[in-house]
Amino acid sequence: MSWHLYLLSFVFIIAGFFHLIRPKAFMRIIPLYLPYHKLLVYLSGIAEMIAGIGLLFIQIRTFSAWTITIMLVLFFPVHIHMLINKKAGLNLPKSILAFRLLLQFGLIYWAYQYA
């Protein structure tokens with residue numbers, strides 16, 4: 001396995017972990033039209049951790065990579081919401097939020113390499 005596979009796995013395991021220990025921060029960035037913010041934060045965090053761990057096992061790597069790819073696509077509305085809604089943007093500069101949105105494409109490509 002390559003180091004970048006380990007890094008991608010680590011990124012998603014840690015991101016998922018932070019969903020569980022800091023749910024309020026993630027709840028603030030979910031668009032208001034989505035229900036059950038806390039549940040969504042916990043479920044997405046658990047899914048990120050499981051998919052990140054799954055990358056480490058050849059038998060389920062493809063499934064995990066597709067799961068991550070799909071989650072990243074599904075998270076686009078959150079990043080757009082952060083860009084256009086000041087409170088959801090966590091007082092970050094618009095340039096950082098725009099970069100974060102563009103970063104999604106890089107992450108999708110990275111995850112897709114293992115699908």
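Counting from 1, the numbers follow the sequence of the chain as shown.
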- Query: Does Leu43 belong to the same Ile/Leu/Val/Met/Phe/Trp/Tyr cluster as Met71, with side-chain heavy atoms less than 4.5 Å apart forming each link?
  - Reply: no
- Task: State, to 0.1 Å, how close Thr62 and Ala115 come at their nearest heavy-atom pair, and which atoms those are.
- Result: CG2-C, 3.7 Å
- Message: Rounded to the nearest 0.5 Å, what separates atom CG in Leu83 from atom NZ in Lys94?
- Response: 5.0 Å
- Query: Out of curiosity, Thr69 OG1 to Leu74 CG, how far, rounded to the nearest 0.5 Å?
  - Reply: 11.0 Å
- Task: Answer yes if Leu8 and Ile70 sit in the same cluster of Ile, Leu, Val, Met, Phe, Trp and Tyr residues linked by side chain heavy atoms under 4.5 Å apart, and no otherwise.
- Result: no
- Side-chain contact test, heavy atoms from C-beta onward, threshold under 4.5 Å: evaluate it for Ile14 versus Phe10 and give yes or no. yes
- Message: Determine whether a donor-acceptor pair (N or O, by modelled atom type, separation under 3.5 Å) exists between the side chain of Arg28 and the backbone of Ala88.
- Response: no
- Task: Looking only at non-hydrogen atoms, find the nearest pair between Glu48 and Gly16 and report the distance.
- Result: OE1-N, 3.3 Å
- Query: Got more than 12 heavy atoms from elsewhere within 6.0 Å of OH, Tyr36?
  - Reply: no
- Could you pull out the closest heavy-atom pair between Ala65 and Leu55, with the gap in Å? N-CD2, 3.8 Å
- Atom NE2 of His37 and atom NZ of Lys24: how far apart are they, to the nearest 0.5 Å? 15.0 Å
- Message: Just verifying a value: how many Å separate Leu20 CG and Phe26 CZ, rounded to the nearest 0.5 Å?
- Response: 9.0 Å
- Query: Per the side-chain contact (heavy atoms from CB on, under 4.5 Å) rule, which among His81, His79, Lys87, Met82 passes with Ile29?
  - Reply: Met82
- Task: Following the transitive rule for hydrophobic clusters with a side-chain heavy-atom cut-off under 4.5 Å over Ile, Leu, Val, Met, Phe, Trp and Tyr, establish whether Phe63 and Met49 coincide in one cluster.
- Result: no
- Query: Linking I/L/V/M/F/W/Y whenever any side-chain heavy atoms sit under 4.5 Å apart, do Leu90 and Leu32 land together?
  - Reply: no
- Task: Using the six-membered ring wherever Trp is involved, compare the ring planes of Phe76 and Phe105 and label them parallel, tilted or perpendicular (cut-offs 30° and 60°).
- Result: tilted
- NE2/His19 to CG/Leu40 distance, rounded to the nearest 0.5 angstrom? 10.0 Å
- Of the non-hydrogen atoms in Ser9 and Gly52, which two are nearest, and what is the gap between them? OG-O, 2.6 Å
- Query: Any side-chain donor paired with an acceptor under 3.5 Å for Tyr114 and His4?
  - Reply: yes
- What closest approach, in Å, do Pro31 and Val78 show between heavy atoms, and which atom pair accounts for it? CD-CG2, 3.9 Å
- Do Tyr109 and Leu5 share a hydrophobic cluster, counting only Ile, Leu, Val, Met, Phe, Trp and Tyr and linking them when any side-chain heavy atoms are less than 4.5 Å apart? no
- Worked verdict on Trp66 versus Tyr112 for ring pair (Phe, Tyr, Trp, His ring centres under 6.0 Å): CA-CA 7 Å; Trp66 275 113; Tyr112 181 74; 5.4 Å; yes
- Find out whether Ile108 and Phe75 are in side-chain contact, i.e. whether some heavy atom of one side chain is under 4.5 Å from a heavy atom of the other. no
- Query: Quick one: CG on Leu34 to CG on Leu39, what's the gap to the nearest 0.5 Å?
  - Reply: 11.5 Å
- Query: At their closest point, which heavy atom of Ser64 faces which heavy atom of Ala51, and how far apart are they?
  - Reply: CB-O, 3.3 Å
- Item | Test item: Leu72 and Phe12 side chains (from C-beta on) under 4.5 Å apart, heavy atoms | yes
- Is the backbone N or O of Arg100 less than 3.5 Å from a side-chain atom of Gln104, with the two atoms forming a donor-acceptor pair by type? no
